There are 2 protein chains.
Amino acid sequence: MTAKIDDGAPSAFRRPTINDVAALSGVSKSTVSNVMRGTGSVSAATRERVLEAIAALGYRPNATARNLVLRRTNLIGVVVGDLANAFDAELVKRIEQCASAHEYTTLVCNTGGHADLEASRIEALLEHRVDGIALLDFSGDRAVISKLLGERVPVVMVSCWSDYADCVAVDDMVGIELAVRHLVELGHERIAHVVDPLMEAGTRRARVAAFERALLRSGIAPRSEWTLVYDANETGGGSDLLALVARDDHPTAIVAANDYTAIRLIALLERNAIAVPRDISLVGFDGIDVSALSRIGLTTVAQPRDDLARTAVDLLRARIESGYDAPPAQHRLKPRLVVRGSTGPPR
Amino acid sequence: MTAKIDDGAPSAFRRPTINDVAALSGVSKSTVSNVMRGTGSVSAATRERVLEAIAALGYRPNATARNLVLRRTNLIGVVVGDLANAFDAELVKRIEQCASAHEYTTLVCNTGGHADLEASRIEALLEHRVDGIALLDFSGDRAVISKLLGERVPVVMVSCWSDYADCVAVDDMVGIELAVRHLVELGHERIAHVVDPLMEAGTRRARVAAFERALLRSGIAPRSEWTLVYDANETGGGSDLLALVARDDHPTAIVAANDYTAIRLIALLERNAIAVPRDISLVGFDGIDVSALSRIGLTTVAQPRDDLARTAVDLLRARIESGYDAPPAQHRLKPRLVVRGSTGPPR
DNA sequence: TTGAAAGCGCTAACAC
DNA sequence: GTGTTAGCGCTTTCAA
């Protein structure tokens with residue numbers, strides 16, 4: 001047994017440990033541990049001495065060591081597609097808020113929709129033994145998800161969906177229906193749908209399906225060539241959309257799959273001398289802050305972001321704190337239509 | 001010594017450990033460790049067996065345990081004021097990208113400018129033994145920072161400044177000078193400055209000082225009452241600004257301390273029938289993505305966000321990987337003016 | 001080329 | 001009330 005002697009080397013800086021505190025206050029480490037955590041029973045006098053030693057040394061417990069024995073890290077991973085998309089960023093902000101209110105610290109991974117990055121970032125989260133993972137607006141392929149579910153680590157999908165995991169998302173059917181009905185009520189009959197390639201595939205499919213169903217319910221025949229992809233980050237993109245809009249029987253309104261796309265779509269259209277809403281009406285989806293700016297004035301289907309975040313954290317906490325084996329909890333939240341200046345009657 | 005016997009309880013799920021791998025492949029844990037890390041020398045045959053066991057068990061090394069012995073977590077903390085501010089979000093995104101390219105995982109804390117939250121979040125980061133901390137656009141008081149510097153944990157200040165820590169920020173003097181000169185060249189003489197209360201105090205002071213100096217260099221006498229605070233998140237704020245603008249000798253141009261404020265300022269002004277740039281010209285600071293949207297068209301002083309993020313991560317890595325004791329490295333980056341539609345000659 | 005053993009800093013029975 | 005002890009899962013000498 002080697003005695004722990006401070007060799008005095010000034011270069012080898014060592015943070016004080018629970019042993020140092022114990023030594024300085026002349027008690028055992030269990031006692032220190034007890035005063036730190038407020039467990040067990042320690043006399044007022046010893047507690048006082050220990051507290052002094054802690055202050056004197058500037059002791060801070062090592063979460064790494066604690067986590068190792070507790071098999072619990074109080075870390076949650078948040079995997080997000082693109083923090084430059086305000087919807088994602090605003091959601092991450094809220095999730096971090098809820099999580100830290102419950103003593104969790106948040107590991108954030110921005111995947112940019114790259115499947116390989118996604119896999120390796122999640123792998124890192126798993127090695128760090130996060131207590132749970134939130135997949136936001138998840139654009140990855142299902143293989144990643146099903147692998148994750150096999151790991152027995154609590155997972156919640158936020159603003160996206162899987163039948164086999166806890167989920168919380170807005171009701172796409174209702175949301176898209178709201179958008180379409182609003183346009184139809186304004187008199188539109190030729191309505192196109194534009195999706196974001198970075199959007200999660202399931203959500204995208206759900207919104208496309210919802211879009212077609214909503215048209216049918218309004219007595220309008222959907223045309224598949226009127227559902228297009230627009231990559232707002234690709235310079236020079238959108239040529240097929242512009243081609244569509246240049247046709248005689250062009251759409252008079254567009255439902256964009258999210259606000260990020262919708263707002264860039266306004267820019268694209270106006271750059272090509274197509275006025276919004278005079279020539280084309282535009283509805284977004286998400287309800288991000290910028291859509292409310294007077295200059296933008298985007299009519300949009302707003303998601304209840306606070307509820308989304310809070311529910312997500314609650315779901316995760318429930319799994320973490322009371323075991324895995326409940327069936328998946330699925331929450332559908334109601335979106336609401338916010339009418340602003342980007343929609344009007346067709347010319 | 002208790003033998004490790006699987007008691008077969010199905011409820012107690014245990015992830016496979018290095019011991020399980022060792023047992024299954026019939027080697028010692030040191031050997032497993034060696035093949036995992038590619039160190040030491042193991043025969044091709046044993047490596048093969050170990051690899052098979054790893055695959056069979058779905059073994060994933062426990063970073064918590066590794067970090068404990070290595071005294072290194074490969075975690076970096078990022079403390080950010082407000083992820084709803086696109087500048088912050090875009091910076092976090094880039095930092096996470098750089099960091100993960102170097103095998104670091106990012107812990108994100110959104111403080112919302114609350115000093116108490118700030119302190120407790122940083123405390124959590126420290127307990128988790130992050131290898132370094134990046135303070136973004138840091139709005140906190142200096143006490144937090146000086147405490148942090150006493151902790152001997154690598155800290156980098158991004159887009160904010162301290163004489164005693166590694167910093168990387170844009171040159172506020174130059175940036176504000178660019179903005180003011182642009183306005184003066186357009187013919188403006190009555191120029192106001194609007195700051196964001198959430199902005200880091202040092203940066204705010206620096207920009208205010210830079211603003212006054214720039215005016216003087218253009219032969220304009222600064223008036224202190226023309227530097228105001230506008231809190232874009234406070235509904236019904238900005239009354240003092242509107243009062244100022246209603247005066248006869250109102251300013252014909254405003255330099256906003258950041259884009260977030262500038263963009264909300266446009267909304268505020270236009271809500272009050274003051275057209276931008278016809279009645280008042282507006283210059284922002286940051287160069288966030290939305291400022292480039294045609295509907296917004298904000299003239300702004302753009303920060304080199306990629307450089308900011310890359311330098312920040314490099315600085316942190318240097319401290320982490322080669323010791324603490326170098327003097328603080330201070331990087332001033334050059335901003336550039338991006339002229340768009342929000343500025344024009346005075347009426 | 002491989003293994004035994006000693007920790008990393010902490011918690012949690014269980015003695016005393 | 002307080003201390004002893006045995007790990008948590010890993011890395012790292014040092015022998016064999």
Side-chain angles (χ1 to χ4, degrees), chain A residues 1-5 7 12-50 53-54 57-74 126-129 131, chain B residues 1-5 7 12-50 53-54 57-74 126-129 131:
Chain A
M1 191 190 290
T2 40
K4 277 172 202 155
I5 294 169
D7 62 1
F13 168 75
R14 249 188 63 243
R15 299 197 183 290
T17 73
I18 197 171
N19 283 310
D20 299 323
V21 177
L24 181 60
S25 48
V27 299
S28 75
K29 32 185 225 169
S30 343
T31 301
V32 177
S33 179
N34 278 332
V35 351
M36 284 298 303
R37 296 174 303 133
T39 59
S41 46
V42 302
S43 72
T46 23
R47 150 169 300 112
E48 202 51 45
R49 287 219 316 290
V50 170
I54 287 174
L57 293 167
Y59 169 68
R60 170 175 299 112
N62 184 329
T64 306
R66 187 190 329 117
N67 297 343
L68 181 57
V69 24
L70 256 29
R71 296 133 174 280
R72 188 93 142 55
T73 56
N74 272 45
L126 260 16
E127 291 197 1
H128 281 291
R129 294 297 190 264
D131 290 335
Chain B
M1 191 188 292
T2 40
K4 277 173 204 153
I5 293 169
D7 63 0
F13 168 75
R14 252 189 60 245
R15 300 197 181 291
T17 73
I18 197 172
N19 282 310
D20 298 323
V21 176
L24 181 60
S25 47
V27 299
S28 73
K29 32 185 223 170
S30 339
T31 301
V32 177
S33 178
N34 279 330
V35 351
M36 283 297 304
R37 298 173 303 132
T39 59
S41 46
V42 300
S43 73
T46 20
R47 149 168 301 110
E48 201 51 45
R49 286 218 317 289
V50 171
I54 286 174
L57 293 168
Y59 169 68
R60 170 176 300 114
N62 183 329
T64 304
R66 190 193 323 120
N67 297 342
L68 181 58
V69 24
L70 258 27
R71 297 131 174 280
R72 187 91 144 57
T73 56
N74 272 48
L126 260 15
E127 290 197 1
H128 281 292
R129 295 296 191 265
D131 290 335

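Excluded from the calculations below are hydrogen atoms, water molecules and symmetry mates; all remaining heavy atoms, backbone and side chain alike, are included. Predicted model only: the values in this text are computed from it and were never measured. The chains referred to below are lettered A, B, ... by the order of the sequence lines, with proteins before strands, and numbering in each begins at 1.
- You'll find that the side chain of Ile18(B) is closest to dC10(D), out of dC10(D), dG9(C), dG3(C).
- For Thr17(A), the listed nucleotide lying nearest its side chain is dC10(C); candidates were dC10(C), dT11(D), dC8(D).
- The distance from atom CZ of Arg15(A) to atom C1' of dG9(C) is 14 Å, rounded to the nearest whole Å.
- Picking from dC10(C), dT11(D), dG3(D) the nucleotide with the shortest atom distance to the side chain of Tyr59(A) gives dC10(C).
- In this structure, the CZ atom of Arg49(B) is 15 Å from the P atom of dT1(C), given to the nearest Å.
- The distance from atom CG of Asp20(B) to atom C1' of dG9(D) is 10 Å, rounded to the nearest whole Å.
- Phosphate contact (OP1/OP2 of dA4(C), side-chain N/O of Ser28(B), threshold under 4.0 Å): absent.
- Comparing Lys29(B) and Leu68(A) against DNA chain C, the residue whose closest nucleotide sits nearer the 5' end is Lys29(B).
- Atom OG in Ser30(A) sits 8.0 Å away from atom CD1 in Ile18(A) (nearest 0.5 Å).
- The listed nucleotides are dC10(C), dG3(C), dG9(D); the one nearest the side chain of Thr31(B) is dG3(C).
- Once rounded to the nearest 0.5 Å, the distance linking NE2 of His128(B) with OG1 of Thr64(B) reads 10.0 Å.
- The nucleotide whose nearest atom lies closest to any side-chain atom of Thr46(A) is, among dG9(D), dT2(C), dT2(D), dT2(D).
- Residues Arg71(B) and Gly40(B) both approach DNA chain C. Their nearest nucleotides, taken by heavy-atom distance, put Gly40(B) toward the 5′ side.
- Within the nucleic acid shown, Ser43(B) comes within 4.0 Å of sugar-phosphate atoms alone, with no base atom in reach, counting heavy atoms only.
- Atom CD in Glu48(B) sits 11.5 Å away from atom OG in Ser25(B) (nearest 0.5 Å).
- Between Glu48(A) atom CD and dG1(D) atom C1' there is a gap of 17 Å when expressed in whole angstrom units.
- Atom pair Asn62(A):CG and dG7(C):P shows a separation of 18 Å (rounding to whole Å applied).
- Distances from the side chain of Ala65(A) to the nucleotides dG9(C), dT1(C), dG9(D) place dG9(C) closest.
- A distance of 10.0 Å separates CG of Asn67(B) from CG of Leu68(A), quoted to the nearest 0.5 Å.
- Residue Arg71(B) holds its CZ atom at 10.5 Å from CZ of Arg15(A), rounded to the nearest 0.5 Å.
- The separation between Asn19(A) atom CG and dT4(D) atom P is 12 Å, rounded to whole Å.
- Take the nearest nucleotide of DNA chain D for Thr64(B) and for Thr39(B): the residue whose nucleotide is more 5' is Thr64(B).
- Here dG1(D) is the nucleotide among dT11(C), dG1(D), dG9(D) with the atom lying nearest to any side-chain atom of Ser41(A).
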- [ ] Just do the side chain to side chain contact (heavy atoms under 4.5 Å, CB included) check on Lys29(B) and Met36(B) with the steps written out, would you?
- [x] CA-CA 10 Å; Lys29(B) 32 185 223 170; Met36(B) 283 297 304; over 6 Å; no

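- Across the protein-nucleic acid pair, Arg14(A) atom CZ and dG9(C) atom C1' stand 10 Å apart, rounded to whole Å.
- With dG1(D), dT11(D), dG7(D) as the candidates, the nucleotide lying closest to the side chain of Arg37(B) is dT11(D).
- Between dC8(D), dT2(D), dC10(D), one nucleotide has an atom nearer to the side chain of Val42(A) than all others, and that is dT2(D).
- Among the nucleotides dT1(C), dG7(C), dT5(D), the one closest to any side-chain atom of Ser30(A) is dT5(D).
- If you measure from atom CE of Met36(A) to atom P of dG9(C), you get 15 Å, rounded to the nearest angstrom.
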